[in-house]
Student: 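Just dropping this structure here.
As a basis for the values below, the full set of heavy atoms in this structure was taken, side chains included, without hydrogen atoms, waters or symmetry mates. Below, read A as the first sequence line, B as the second, and so on, with proteins coming before strands; counting in each chain starts at 1.
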There are 2 protein chains.
Amino acid sequence: MATRTRNTDRRDDALSKERIVEAAVAMLDEAGESGLTFRALSARLQTGPGAIYWHVANKDELLAAATNAALTSGMTAEAAAGPPKDVIRAIALIMFDAIDEHPWLGEQLSRGPWQGVTLQICERIGQQIQAMGVPAGLQFTSASALMIYILGAARQNAANARMHPPGTDRAEVLETHAAAWRGLDPEQFPFLHDIAGQLRDHDDRAQFLDGVNLILAGVGDL
Amino acid sequence: MATRTRNTDRRDDALSKERIVEAAVAMLDEAGESGLTFRALSARLQTGPGAIYWHVANKDELLAAATNAALTSGMTAEAAAGPPKDVIRAIALIMFDAIDEHPWLGEQLSRGPWQGVTLQICERIGQQIQAMGVPAGLQFTSASALMIYILGAARQNAANARMHPPGTDRAEVLETHAAAWRGLDPEQFPFLHDIAGQLRDHDDRAQFLDGVNLILAGVGDL
DNA sequence: ACCTGAACACCGTTCAAGT
DNA sequence: ACCTGAACACCGTTCAAGT
């Protein structure tokens, strides 16, 4: 119970960019991207929509701030130590889990250029690529391939999750999916028809990691 | 100059899903995703907004139809013959070029599950994966890793392109970008600071292909 | 400096009414 | 069967006016 001595203390109901972003993240988590509205947000903060514009330029800035806030909280936790490939796998999983927890992050992270946290992650991956001894001319290609895969896969996973209500039975969803692929014309879709059976015991997170390892194997060849 | 004999002939100004989708693609190309509006579209087709809803359920269906139309026109052109890896590279480049030409495709393709043309592409890539002799248990991982990378990279490229007006000098953009990275604190961003120099002679399409080859190398190891 | 909330210029979508 | 266009329920954003 700290006594309120510093003059930086604020009344609990005072508006600030921090509080706005915090509320925005909560609303995005609860109601998805379409649930975040300046009207709904200002109602939650008990003000008018115009008040928010004093602290935030527009919705794009708000979404960018929410993205950075949601990702940063997960990123700082992990200390980046160990063999380069292990560190990359760890970073990848942190991002996968963050996007799994905040599905709206998927859309946001793969929009526009890398900056803020995304740039930091790119940097971290790049450092590991260098530590792996990849030739200078191929470092950027390797790092950006990993980056693109990680963001793309996590985003894909979030999109899939959004298709089904949170409580849906996992096995049932997979079975439905498998049945759809098995039902495809074997003449026209031999591949998808074939591998439909593999979907039964399918772990999204494990397959995500398999993909990362696949790229890491390719990077190791360089 | 075919004579109008068949009763399937329509007056040129008759509305149809085909004409609507065609106009939608044109508007997306000209004005981007925010340029496609039911009001603007109906004005272009010289009707009211309600007329469109007779042929199309909603905007999502319209965007999906536009996506399929824009991608299909490019896909059918190429005959898929040759060594598996070559075919995969060819498919990848077709998609890259299609998204480069229709930047709005990037957003659309990585939204929701694979279906329509996207499913066909997945099938085609999967067939080549099988032809490469990849073990059954790793075929899906390989195909989806390629798929995710191709979609993600092309999307990233489209996002970058959208940042700059079409006429902008390429070298100038790269130089600005390189300067930004070079300006990063070397203590905090050693990797990005280091590779800034490589950006000067940077070819997005070539690097995209490098990434595909990287994954193909990893798949070859399996 | 910071907040209020009505108002503006839009959206997607619906639906009675027409042909 | 197909089209019309006004109307509904929203958006993001602005801005005069308040404290």
Student: In chain order, what residues pass the side chain to side chain contact (heavy atoms under 4.5 Å, CB included) check against B:P190, with sequence neighbours excluded?
Tutor: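 Side chain to side chain contact (heavy atoms under 4.5 Å, CB included) list for B:P190, sorted by chain: A:E123, A:Q127.
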Student: Among residues at least two apart in sequence or on other chains, which ones pass salt bridge (charged side-chain N to carboxylate O under 4.0 Å, His left out) with B:K59?
Tutor: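 Scan of B:K59 (salt bridge (charged side-chain N to carboxylate O under 4.0 Å, His left out), adjacent residues dropped) gives none.
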Student: What's the closest nucleotide to the side chain of B:W54 if the choices are D:dG12, D:dA1, C:dC3?
Tutor: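 Looking only at side-chain atoms, B:W54 lies closest to D:dA1.
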Student: Separation of A:I52 atom CD1 from D:dC11 atom C1', in whole Å?
Tutor: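 My rounded result for the distance is 14 Å.
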Student: Starting from C1' on C:dC2, measure out to CD on A:Q46 and report it in whole angstrom.
Tutor: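 Distance, rounded to whole Å: 17 Å.
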Student: Taking side chain to side chain contact (heavy atoms under 4.5 Å, CB included) as the definition, give me every residue that meets it alongside B:E33, ordered by chain and number, with sequence neighbours left out.
Tutor: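 If we apply the side chain to side chain contact (heavy atoms under 4.5 Å, CB included) test to B:E33, skipping adjacent residues, the hits are B:W104, B:E107, B:R162.
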Student: Please report, rounded to the nearest Å, how far the P atom of D:dC2 is from the NZ atom of B:K17.
Tutor: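 Roughly 14 Å, once rounded to whole Å.
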Student: Going by ring-ring contact (aromatic ring centres under 6.0 Å, His included), name the residues that satisfy it together with A:F189, two or more places apart in sequence or in a different chain.
Tutor: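 A:F189 satisfies ring-ring contact (aromatic ring centres under 6.0 Å, His included) with no other residue.
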Student: Just to be sure I understand the geometry, which residues of residues 55-64 of chain A put a non-hydrogen atom under 4.0 Å away from DNA chain D?
Tutor: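 Heavy-atom cutoff 4.0 Å gives A:N58, A:K59.
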Student: Which residues in residues 25-43 of chain B have at least one heavy atom lying under 4.0 Å from any atom of DNA chain C?
Tutor: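 Correct list: B:L36, B:T37, B:F38, B:R39.
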Student: Under a 4.0 Å N-O cut-off, is there an ion pair linking A:R205 with A:D210?
Tutor: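 No.
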Student: Sequence neighbours excluded, which residues qualify as ring-ring contact (aromatic ring centres under 6.0 Å, His included) partners of B:F96?
Tutor: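 Once residues adjacent in sequence are excluded, the partners of B:F96 under the ring-ring contact (aromatic ring centres under 6.0 Å, His included) criterion are B:F208.
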Student: I need the B:L62 CG to B:F38 CZ distance, nearest 0.5 Å.
Tutor: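 Rounded to the nearest 0.5 Å, the CG-CZ separation comes out at 5.5 Å.
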Student: Who pairs with A:T37 by side chain to side chain contact (heavy atoms under 4.5 Å, CB included), at least two apart in sequence or on another chain?
Tutor: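 With sequence neighbours excluded, A:T37 shows a side chain to side chain contact (heavy atoms under 4.5 Å, CB included) to A:R39, A:A40, given in chain and number order.
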Student: Which residues satisfy the ring-ring contact (aromatic ring centres under 6.0 Å, His included) test with A:H177, sequence neighbours excluded?
Tutor: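 A:W181.
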Student: Sort and list the pairs that fulfil salt bridge (charged side-chain N to carboxylate O under 4.0 Å, His left out) and have at least one residue in residues 164-173 of chain B, not counting sequence neighbours.
Tutor: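 Found B:R170-B:D204.
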Student: Only counting residues at least two apart or in another chain, list the ones meeting side chain to side chain contact (heavy atoms under 4.5 Å, CB included) with A:R200.
Tutor: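 For A:R200, the residues satisfying side chain to side chain contact (heavy atoms under 4.5 Å, CB included) (neighbours in sequence not counted) are A:E175, A:R182.
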Student: What integer distance in Å separates B:Y53:OH from C:dT13:P?
Tutor: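 B:Y53 atom OH is separated from C:dT13 atom P by 4 Å.
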Student: If you write DNA chain C from 5' to 3' in dot-bracket form, with Watson-Crick or G-U pairs under 3.5 Å, [ ] for crossing pairs and | for pairs with another strand, what do you get?
Tutor: ||.|||||...|||||.||
